[in-house]
Amino acid sequence: MPAITLPDGSVRAFDGPVTGTTVAAAIGPGLAKAALAMAVDGKVVDLATPIEQDATLRFITRRDPEALELIRHDTAHVLAEAVQELFPGTQVTIGPAIENGFYYDFARNEPFKPEDFAAIEAKMREIVARNAPFERRVVSREEATALFRAKGEAYKVELIEGLPADQEISLYSQGDWLDLCRGPHMRGTGDVGTAFKLTKVAGAYWRGDHRNAMLSRIYGTAWRDQKELDAYLTQVEEAEKRDHRRIGREMGLFHLQEEAVGSIFWHPKGWRLYTVLQDYMRRRLEAAEYQEVRTPQLVDRKLWEASGHWDKYREHMFLATVDDESEKDRLLALKPMNCPCHVQIFNHGLRSYRELPLRMAEFGACHRYEPSGALHGIMRVRAFTQDDAHIFCTEDQVAAETARFVDLLASVYRDLGFDSFRVKFSDRPAQRAGSEESWDKAEAGLKEACRLAGVEYELNPGEGAFYGPKLEFVLRDAIGRDWQCGTLQVDYVLPDRLDAEYVAEDSSRKRPVMLHRAILGSFERFLGILIEQHAGRFPLWLAPVQVVIATIVDDAVPFAEQAAEALRKAGIRVALDARNEKINRKVPDHIEQRVPVLAVVGRREAEEGSLVLRRLPGREQETLPLADAVARLVAEAMPPDLRVAENPVSAA
RNA sequence: GCCGACAUAGCUCAGCGGUAGAGCAACUGAUUCGUAAUCAGUAGGUCCCCAGUUCAAUCCUGGGUGUCGGCACCA
C-alpha cells in the first residue's frame, strides 16, 4: 500500500504497486502528458518503474533540469539505431550524455564522415516520429551475453563481462532496436523532440585506452526545443570569436609557423602584453620574498640522469649536440623543467636552516616535446616559460608555506580578473619515484597543510607528479570553461636524488623538502586564457596599446604628437593615428583592434590643448585638458598591485 | 602519437584537367573631413612540399609537412 508524497506535500495512497504513469494519470491529464520520467526518493527512474513502498515522488517534465540529460541520452540511443539501420555491420559501444549534448562510439571499418550526417539526422527524425516506447527489461548475465554475441556485438559482450557480478543487467528496446543500458529513459523516442543536431565526428579509443581499437565517435547536441538549440549554436559561434588564435591574429599579437612548430613568434604588441604580465608577476614575487634566478637552457644529460628525468621523461626532451669531434661524447638536453637547476644553486655552498624557507623563482624557459596532436595555439606549445619557483624548506614549514602560497595565488588571480578557483588534490601515480614511506609522508603533509590553510579540495586520484603529490588550481573563465593553471607539488625525492642538504640547528645535515609551485603555469598558456577571458578587450593596465590618439585634420597633428609624448612620458602605452582617414573610419578600426581608450584631437582640441576621451567600444566621451587627461589615464592604468588602497591606513 | 577534415594573395574566401579571381588590407593620388568603414588607381600568387598519372596538374593518385576537431598525452 504505497503512500506517495508529492512535492507540494500532499500524499496519495494506492492499493498496490503503481507506476509513475498511473500516478500521473491519477493527478491529471496535463501532468500525464508532460511527465517524461520521475524522481523517486530523489532518484531519477523511468515513468514505468513500479513504486512498491512509501516514497516521495516528483515528476520530471521537459522544463526540469534533469530533462536535458534524459533528452540527450535518449538522443544517443536514437542516433545508434539510425546508424545501425543505415550502416549494417556497425557495432555499438557506449553513448552517454555529456555537457551540451551526447556522443555515441561505433566500431566500423570505415569511420563516419560529416557528409553522412544529413542521412543520419533524417533517419533519426524518422525514428523520433515513430515514437516507439522505451521498454526496460532485466535479463540474466548469460542471456545478455548470448543475445549480444548472436548480434555480433563484441563490445557489448565485453561490457557485460566487465560489469560487477551483483549488478542488474538491463536492456532497453525502442521498437525492434535494443541496447544494453542502465537507463533511465523517457517514455518513447518521440520525447526526444527535434531540437538536436550532429556536430562532429572524431576517433576515440575503446575505453579511452590508446592501446585499444580506435572507434568512430559521433558527437551531437540536443535541447528541449529549437529555441534552446539555436541559442546554443549562437553561443558556440560567440566562443569561436574569442578564440585566442583568432584574436591573436586580428590584434597582431603573435604568429606560429611550421619552421618552429610549437614555438611562438611574439610580435611587438603581443610581447608588450607578455612583459606587462611578467613585470606584474615579478613585483608580486619580490613582495612575497622570492629570490629570482636564471638557469641554463642546455644542460648535460648527467644532470638529467641524476634527477631521474632521463629515465622517465627522455622521450619528451629535446636533445642537442655539437658537430665537433672534441664534443662527440657530450649530449645536452634543453631543460623540460627548472627544478634540477634550482637544486644546483641551492647546493652551491653550504646552506643553513636559517636560510629556510628559501624561495627561488625563475621565469624558466622550458622545452618539452609534446605529442603533435596536443598542440593548440599558444596554449599548448613545446617552448614555454613557467612562472616557476621552488621553495626549499623543512617539513615543519610545509603547511605555512602552502598557506602563504595559496594567499598569493588567490590574490594574483583576483588581480587578473578571476574571482574563483577550484583546488584538486592529486595523489601518487602508477609510475613514480621514491619510496612508499616518502609518499605517505608527502601526501599526509600536504593534506595537513590544506587543512591548516583552510583550502578545500576535491580528490584527483593517481594524477600526482612522478616525484610527489600536488595541488592543482583550476580557474573558470568568462564562458564557463575550466583551466588548470596553478600548481603546488611536494617533493621529497629530488632533494634526495640531487643530494640537497642544509645544516640544521643541531649542526646535523638534513634534507630540505622542495615545494614546486607555479601560479600562472606558463605565460604562453595563461596569456591564451587571458585573451579568451577578456575576448581581447583587456583591462587598461594590461592592454598592449592603452590609448590611441586619433586626429581629425592634419592641423591637429602637431598637438596630437605633443599629447602622445606627454602620455608616453607618463608611462602610458600610446599610439598615434594620424592617417589621412576620416574619424568615422578611425573609430571602428580601433574598436576592432580592441584599444581601450581613444583620444580624439581635432582643430578645436589642438587650439585649446585638450583631449576628447572615448572608452571603446562605448560611445560616451568627455573632453579634458591634456594634463588632466594624462593624470586620469595614469591613475586608471595603474596595475592593481601598485594602486593606493581605497582607504589608506593613516600614518601614526 | 591515433582517427577524420582541411591547406589558393597579408586576412576572409570563390574557382577550374588548359599555369587563377573577389572583398578587405597594402601602395599611389585626390580629399582635410567631428566619432562604427571617402573616392579613384596600382601592385600583389612556388594555388603547402615531393613524387606519380597525363600532351597538359592548383585541380586526379601516392607520400610528407602543417593546421583544425576529437581521442590519447600533459613531469
Side-chain angles (χ1 to χ4, degrees), chain A residues 103 105 108 110-116 199-219 240 243 245-246 249-250 252 255-262 307-309 311-317 336-340 366 368-377 379-382 384 386 426 429 431-433 463-468 470 472 484 487 489 491 493-494 516 521-522 525 550-557 578-592 598-605 612 614 616-621:
Chain A
Y103 67 79
D105 283 347
R108 180 168 181 249
E110 196 168 329
F112 295 101
K113 300 197 183 81
E115 296 92 280
D116 300 326
T199 52
K200 53 198 170 196
V201 288
Y205 298 106
W206 168 236
R207 298 197 146 161
D209 188 327
H210 66 96
R211 289 164 302 194
N212 290 342
M214 173 76 58
L215 305 172
S216 184
R217 174 174 297 179
I218 297 179
Y219 281 95
E240 278 166 14
D243 190 305
R245 294 165 298 193
R246 176 187 177 133
R249 186 173 54 239
E250 286 172 359
H255 86 270
L256 298 151
Q257 68 185 54
E258 66 178 280
E259 284 79 2
V261 174
S307 69
H309 290 86
D311 247 17
K312 297 208 156 50
Y313 293 102
R314 191 179 351 169
E315 69 274 26
H316 299 289
M317 292 165 70
M337 301 172 69
N338 307 299
C339 29
C366 294
R368 295 179 188 172
Y369 182 68
E370 302 285 3
S372 57
L375 301 176
H376 176 81
M379 310 259 258
R380 189 80 185 273
V381 286
R382 289 177 175 160
F384 55 92
Q386 297 176 308
S426 301
Q431 205 196 26
R432 58 179 178 262
E463 295 294 322
F466 80 93
Y467 46 74
K470 61 183 181 186
E472 289 173 337
Q484 197 236 298
T487 182
Q489 308 170 6
D491 185 0
V493 175
L494 202 61
H516 307 242
S522 87
R525 178 178 163 79
T551 53
I552 294 174
V553 290
D554 285 348
D555 291 351
V557 172
R579 287 178 303 164
N580 178 10
E581 289 290 351
K582 296 184 174 184
I583 192 66
N584 242 343
R585 173 56 186 280
K586 295 185 181 184
V587 169
D589 279 354
H590 299 300
I591 288 171
E592 168 154 322
L598 188 68
V600 177
V601 178
R603 197 167 280 124
R604 197 158 62 229
E605 289 72 28
V612 179
R614 175 168 163 182
L616 300 182
R619 286 177 180 278
E620 316 80 74
Q621 43 187 307

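Quick note on labels: first sequence line is chain A, next is B, and so on, each numbered from 1.
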Could you check whether A:Arg245 gets within reach of a base, just the sugar-phosphate, or nothing at all, counting any heavy atom under 4.0 Å? sugar-phosphate

Considering only side-chain heavy atoms of A:Ile552, which listed nucleotide, B:rU38, B:rG34, B:rG4, is closest? B:rG34

Donor-acceptor pair (no angle test) under 3.5 Å: A:Arg249 side chain, B:rC11 base: no

Give A:Gln489 one of three labels, base, sugar-phosphate or nothing, depending on what nucleic acid heavy atoms sit under 4.0 Å from its own. sugar-phosphate

Just compare B:rC71, B:rC74, B:rA75 and give me whichever is closest to any side-chain atom of A:Ala204. B:rC71

Over how many whole Å does the gap from A:His376 atom NE2 to B:rC73 atom C1' extend? 15 Å

Just N and O in the side chain of A:Tyr369: are any of them under 4.0 Å from OP1 or OP2 of B:rC73? no

Of the options B:rC73, B:rG69, B:rU12, whose atoms approach the side-chain atoms of A:Lys200 most closely? B:rG69

Base, sugar-phosphate or nothing for A:Gly252? Non-hydrogen atoms, less than 4.0 Å. nothing

Return the nearest nucleotide to the side chain of A:Val612; candidates are B:rG70, B:rA75, B:rU35. B:rU35

Closest approach of A:Lys470 to A:Glu463 (non-hydrogen atoms, all atoms of both residues): CE-O, 3.2 Å

OP1 or OP2 of B:rU38 under 4.0 Å from side-chain N/O of A:Arg585: yes

Considering only side-chain heavy atoms of A:Ser372, which listed nucleotide, B:rA75, B:rG1, B:rU67, is closest? B:rG1

Name the pairs: protein N/O against N/O of nucleotides 40-47 of chain B, kept only if under 3.5 Å.
none

Donor/acceptor link under 3.5 angstrom from A:Arg525 side chain onto base of B:rC74: no

Presence of salt bridge, A:Asp209 and A:Arg207, under 4.0 angstrom: no

Which whole-number value in Å describes the distance from A:Asp243 CG to B:rC68 P? 9 Å

Just call it for A:Gln257: base, sugar-phosphate, or nothing, with non-hydrogen atoms closer than 4.0 Å on any strand. nothing

Should the ring pair A:Tyr205 and A:His210 be called parallel, tilted or perpendicular, given that the plane angle runs from 0 to 90° and is split at 30 and 60? perpendicular

With a 4.0 Å cut-off on heavy atoms, is A:Pro429 in touch with a base, just the backbone sugar-phosphate, or nothing at all? nothing

Quick one: label A:Tyr103 by what it contacts on the DNA or RNA (base, sugar-phosphate, nothing), any heavy atom closer than 4.0 Å. nothing

Which of the following nucleotides, B:rU35, B:rA72, B:rG4, is nearest to the side chain of A:Val587? B:rU35

Base of B:rG70, side chain of A:Tyr205 - is there a donor-acceptor contact under 3.5 Å? no

Read 5' to 3' with Watson-Crick or G-U pairs under 3.5 Å, [ ] for crossing pairs and | for partners on another strand, RNA chain B gives (((((((..((((....[..)))).(((((.......))))).....(((((..]....))))))))))))....

Looking only at B:rU65, B:rU67, B:rA37, the nucleotide nearest the A:Leu375 side chain is B:rU67

For A:Lys470 and for A:Arg603, find the nucleotide of RNA chain B with the closest heavy atom, then tell me which residue's nucleotide is more 5'. A:Arg603

Answer with base, sugar-phosphate or nothing: what part of the nucleic acid does A:Phe112 contact at a heavy-atom distance below 4.0 Å? nothing

Once you apply a heavy-atom cut-off of 4.0 Å, does A:Arg217 come out as touching a base, just sugar-phosphate, or nothing? sugar-phosphate

Among B:rC71, B:rA37, B:rA72, which nucleotide has an atom closest to any side-chain atom of A:Glu592? B:rA37

Selection from B:rC3, B:rA37, B:rA75 that lies nearest to any side-chain heavy atom of A:Met214: B:rC3

If you pin A:Pro336 and A:Glu115 to their nearest nucleotides in RNA chain B, which one's is more 5'? A:Glu115

With respect to the side chain of A:Pro371, which nucleotide from B:rA75, B:rC73, B:rU67 is positioned closest? B:rC73

Got a donor-acceptor pair under 3.5 Å from the side chain of A:Glu110 to the base of B:rG4? no

If every non-hydrogen atom of A:Ala550 is compared with every non-hydrogen atom of A:Lys586, which pair is closest and at what distance? CB-CD, 3.9 Å

State whether the distance check finds a donor on one side and an acceptor on the other, under 3.5 Å, for side chain A:Asp554 versus base B:rU32. yes

Below the 4.0 Å mark, does B:rC68 have OP1 or OP2 next to a side-chain nitrogen or oxygen of A:Arg380? no

